[in-house]
Amino acid sequence: MRRLPVFFVLDCSESMAGENLRKMEDGLQAVVRTLRGDPYALETVHVSVIAFAGIARTIVPLVEVVAFYPPRLPFGGGTRLGAALDELMNAIDRSVVRTTPERKGDWRPLVYLFTDGRPTDDPAAAIERWNRDFARRATLIAVGLGRNADFAVLRRLTEHVLLFEDTRPDDFKRFVDWVSASVVAQSKSVGEGLEIQGLPVLDETVMTLVKEPLAVHPDEACVTLVGRCQNTRRPYLIKYDREFKDLATQDFALQVSMYRLAGCYPLDESYFDWSDPNASTELTVNTSALIGSPGCPHCGNATAFAVCRCGKLMCINGPEEAVCPWCDSVISFTPGPSAEEGGFDVGRGKG
Ligand SMILES: [Zn+2]
Ligand SMILES: [Zn+2]
């Protein structure tokens, strides 16, 4: 039986925090549910899931759709696209049966790559390897989730680069339906002995084929910060989304980036396993650009935004003495000069 291998390569980095990651889990489940209901797909499609953040790993090895169990997606700091591509290419080499003079191998693999940010590693070598050894053996569909994806990099990998923007309530469902339909269409054509290479018709109400890289705003689309609860010692992630603010005086007009609180999410320790150990914390953001301060999602303390002298974030419940859950030193937080006087800089995640 010739299989149709389908690889989902999913960006699980910080910018996906909150609802986006849940949506991706639900979307994956919905796609597999559709495939199980289709006689051609049921017969031929095998699915694998590769997740990437600060590291990249296969979390579901190639398996037939009836045996597919939807994974809980991990979450980490960094967007190592190069590592993700290498993991993908190794997986194709390892698990896809090649055609030889003696036997027919698997059908040409389909790869769906989803990312919403810019790579934090240098993917050049992996892109070269892809174009040299894999581009003719596999169909890669790269989907930028929102306009902050690095479309210039994705265009170096494939002509099938799509922009998906989730703006209306039904958009995500339509997008998932299109992904399912595109896999079903491929399995139907291989089931009938054809090997089509093209992309099925786009649902242009929710996605666009990207031919030119979009203009990218130099600022990051979001700022994420990691802290620990002083009471439970468990980590959390604070996410701010960019918004623009017009500062105008009678003499000049200026648009500046501000970042508004999007949420504060509990993390578990696996976050650190999935984060890039080499990522520097050099990138800093001035806290005066951050609007809103969350409470602690673990213990309910009033603020999750207290900075220890070790430079890390923790939660506190007001001016008090506390033990830092990162460095164990005792520090007293006094009501003092606040962020209004120019703010202070904190280490800031990227990815
Ligand atoms: Zn806490
Ligand atoms: Zn500390």
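No experiment lies behind these values; they were computed from the predicted model shown. Values reported hereafter were calculated over all heavy atoms of this structure, with side chains retained and with hydrogens, waters and symmetry mates removed. Read the numbers this way: they start at 1 and go in the same order the structure lists the ligands and their atoms.
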* Please name the residue in the list L21, D273, D268, I59 that meets the side-chain contact (heavy atoms from CB on, under 4.5 Å) test with P74. =>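 With P74 as partner, side-chain contact (heavy atoms from CB on, under 4.5 Å) holds for just one option, I59.
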* Asked: What angle, to the nearest 10°, do the atoms SG (C315) and SG (C296) form about the Zn ion (ligand 1)?
  ->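 Rounded to 10°, it measures 110°.
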* Asked: Between D328 and R233, is there a salt bridge with N-O shorter than 4.0 Å?
  ->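 Counted as a salt bridge, because a side-chain N and a carboxylate O are separated by less than 4.0 Å.
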* Angle at the Zn ion (ligand 2) (to 10°), with one arm to SG of C327 and the other to SG of C310 ->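 The angle at the Zn ion (ligand 2) comes to 110°, rounded to the nearest 10°.
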* To do: Run the numbers on D38 and S187 for side chain to side chain contact (heavy atoms under 4.5 Å, CB included), then give the verdict.
  => CA-CA 9 Å; D38 180 87; S187 67; 4.1 Å; yes
* Can you find a side-chain donor-acceptor pair between E87 and T58 that sits under 3.5 Å? ->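 Distance-only check passes for E87 and T58.
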* Asked: N/O/S atom of C229 under 2.8 Å from the Zn ion (ligand 1), yes or no?
  ->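 Yes - counting backbone and side chain alike, C229 has an N, O or S atom under 2.8 Å.
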